[in-house]
Amino acid sequence: MSEKELSPETLVVSAGRPPVEDDAGINSAISMNATRHAGGSIGYGRYGNENWSALEAAIGALEGGKTLVFSSGNAAISAVFSLLPIGSVITASHQGYSGVMTLLKTLEAAGRIEVRYVDVSNTVEVLDALPGTSLLWLESPTNPMLDIADLPTLINAAKKAGVGVGIDNTFATPLNQNPLSMGADIVMHSVTKFISGHSDILMGSLSTNDLALFARLEEVRKFNGAIAGPFESWLALRGLRTLAVRLERGQSSALELAKRLSVHPAVYRVHYPGLVSDPHHNLAKSFMKGFGAVFSFELHAGAKAADTLCSSSLLISNATSLGGVETLWERRRRWSGESSSVPESLIRVSVGCENIEDLWADIDQGLKRIK
Ligand SMILES: Cc1ncc(COP(=O)(O)O)c(C=O)c1O
């Protein structure tokens with residue numbers, strides 16, 4: 001069977017395997033080589049690696065584009081931004097992942113770029129910002145508010161206006177949406193999160209169908225040097241093998257917890273596009289295959305109560321990051337870099353693979369303490 005005939009749930013298991021030969025391993029060996037004999041196509045450890053290639057083949061098959069892996073998600077995004085001529089305008093979310101917001105603000109302060117910050121869920125506002133923009137950089141769903149951008153409309157409009165489009169697909173994963181198939185130029189992942197799935201490595205990826213753009217990004221990786229380790233790449237591919245089952249469990253538990261929290265008296269508001277009552281539900285449903293395993297919620301009792309709740313859990317870890325097999329939560333405004341438009345009491349939850357009733361019991365006992 002050709003890869004094109006296989007479903008994504010199969011591809012996560014089958015893509016990026018070594019060729020079938022007698023006694024060959026079904027997994028790639030870990031290639032820990034900085035130095036190589038002359039005469040081959042790789043040449044040096046900063047230029048290529050068999051474990052990068054295996055992971056790139058798998059992510060590429062899932063996203064439908066040629067893929068490059070980097071040392072982190074932020075390194076991958078930096079590679080994209082580094083291609084923009086000085087003075088270029090980027091249109092981006094006013095409250096995406098805080099590490100990317102800080103990166104944008106640093107580039108702006110250095111006079112490298114100009115940024116138009118928009119509410120990505122306000123389609124008219126994004127469309128109005130497009131004239132004169134070089135790159136539309138969108139997260140959807142956004143971190144940590146779970147806002148949804150109308151990706152089909154925005155990508156289509158940006159392409160018509162000659163604006164490059166990059167989508168951070170970290171929250172959705174390649175199983176819930178594929179922006180390249182909607183016409184985006186670049187899809188980015190923090191591989192650190194759902195793709196690797198075990199909270200033990202940092203990596204990022206970029207996928208594109210534009211071969212000239214791919215070549216430029218590969219040059220940036222070679223010479224800026226933000227390369228992934230072979231062992232990390234091997235671990236990420238090992239983690240990817242279970243993405244479909246991890247995500248299925250995580251997003252069904254996320255929906256159930258979001259439902260229970262949305263009727264809890266201590267909870268002011270839940271943000272999760274999977275809830276029918278969520279303002280983004282219908283839009284998300286129109287182009288996403290699933291709603292993901294991250295949601296956030298606000299408490300009536302404010303920031304101090306949110307800190308108490310996060311530190312009172314017995315099972316859920318009070319820790320930053322997301323996309324692992326273990327459930328994590330944190331109050332996002334504990335970070336000084338988080339946008340001031342994110343509510344002070346907002347707790348982001350990344351739902352893992354534990355038993356749903358164990359998770360609920362942990363949340364419920366914590367909520368009782370803040371009454
Ligand atoms: C949506 C999103 N994009 C990018 C990043 C950055 O990825 P990394 O931590 O792998 O550099 C993160 C990290 O949390 C993220 O949540």
Side-chain angles (χ1 to χ4, degrees), residues 12 16 46-49 51-84 90 92-93 96-104 106-107 135 137-143 164-175 177-180 184-208 210 213-214 216-240 243 292 294 320-324 350:
V12 297
R46 189 163 22 80
Y47 300 168
N49 175 275
N51 301 105
W52 304 352
S53 303
L55 178 61
E56 287 166 351
I59 298 174
L62 289 163
E63 284 294 13
K66 262 173 87 73
T67 298
L68 291 163
V69 291
F70 290 79
S71 53
S72 69
N74 260 43
I77 299 172
S78 295
V80 177
F81 293 170
S82 76
L83 294 183
L84 295 169
I90 301 184
S93 168
Y97 166 57
S98 59
V100 177
M101 304 305 295
T102 304
L103 177 62
L104 286 169
T106 309
L107 293 171
L135 176 67
W137 186 261
L138 294 177
E139 255 172 49
S140 184
T142 60
N143 180 0
V165 183
I167 307 293
D168 182 334
N169 211 23
T170 301
F171 268 44
T173 86
L175 299 183
Q177 72 191 8
N178 300 115
L180 292 182
D185 299 289
I186 298 174
V187 169
M188 174 267 158
H189 283 281
S190 168
V191 173
T192 313
K193 317 296 184 196
F194 289 97
I195 288 183
S196 65
H198 293 75
S199 310
D200 48 12
I201 60 138
L202 280 117
M203 278 185 71
S205 70
L206 298 175
S207 305
T208 181
D210 178 335
L213 179 59
F214 178 87
R216 291 174 70 207
L217 289 166
E218 191 173 26
E219 285 288 292
V220 172
R221 182 177 68 177
K222 262 187 191 172
F223 298 110
N224 282 5
I227 56 162
F231 183 49
E232 280 79 356
S233 306
W234 186 90
L235 277 175
L237 185 54
R238 188 182 206 259
L240 177 71
L243 175 63
V294 181
T320 200
S321 202
L322 53 109
S350 171

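The residues of the chain are indexed from 1 along the displayed sequence. What you see is a predicted model; the values in this text were computed from it and never measured.
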- Task: Search all heavy atoms of A226 against all heavy atoms of A75 and return the closest pair with its distance.
- Result: CB-CB, 3.7 Å

- Taking S233 as the fixed residue, which of I201, V191, N51 is the one that meets the side-chain contact (heavy atoms from CB on, under 4.5 Å) rule? N51

- Item | For L217 against F70, the heavy-atom pair lying closest together | O-CZ, 4.3 Å

- Task: Find out whether L206 and R221 are in side-chain contact, i.e. whether some heavy atom of one side chain is under 4.5 Å from a heavy atom of the other.
- Result: no

- CH2 (W234) and CG (L55) are apart, to the nearest 0.5 Å, by 12.5 Å

- D185 vs L135 side-chain heavy atoms within contact, under 4.5 Å: no

- Item | Distance (rounded to the nearest 0.5 Å) between N74 CG and L202 CG | 9.5 Å

- Query: Taking the side chain as C-beta and beyond, is there a heavy-atom pair between I77 and M188 under 4.5 Å?
  - Reply: yes

- Task: Using a 4.5 Å cut-off on heavy atoms from C-beta on, say whether the side chain of I227 contacts that of N49.
- Result: no

- Value rounded to 0.5 Å, distance of CE in M203 from OG in S190: 10.0 Å

- Message: Once rounded to the nearest 0.5 Å, what's the spacing between atom CG of L213 and atom OG1 of T208?
- Response: 4.5 Å

- List the atom of G323, the atom of S350, and the distance in Å for their closest heavy-atom pair. N-OG, 2.9 Å

- Item | Residue pair L180 / G65: nearest heavy atoms and the distance that separates them | CD1-CA, 3.7 Å

- Here the pair of heavy atoms bringing M101 nearest to G96 is SD-N, 3.4 Å

- At their closest point, which heavy atom of P179 faces which heavy atom of N169, and how far apart are they? CD-ND2, 3.4 Å

- Query: Do H189 and E63 have side chains that get closer than 4.5 Å, going by heavy atoms?
  - Reply: yes

- Interatomic distance, CD1@I167 vs CG@L138, rounded to 0.5 Å, equals 4.5 Å

- Query: Has R216 got more than 12 heavy atoms of other residues, nucleotides or ligands less than 6.0 Å from its CZ?
  - Reply: no

- Message: Any heavy-atom pair between the side chains of L243 and P174 that's under 4.5 Å?
- Response: yes

- Message: Side chains of S321 and K193 only: does a donor on one sit below 3.5 Å from an acceptor on the other?
- Response: yes

- Item | Beyond-backbone contact of V294 with F194, side-chain heavy atoms, under 4.5 angstrom | yes

- Mind checking side-chain contact (heavy atoms from CB on, under 4.5 Å) for E139 and listing every partner two or more places apart, or none if nothing turns up? Y97, T142, N143, D168

- Message: Measuring only between side-chain heavy atoms, which start at C-beta, is E218 closer than 4.5 Å to Y47?
- Response: no

- Query: Quick one: CZ on F171 to CD on Q177, what's the gap to the nearest 0.5 Å?
  - Reply: 12.0 Å

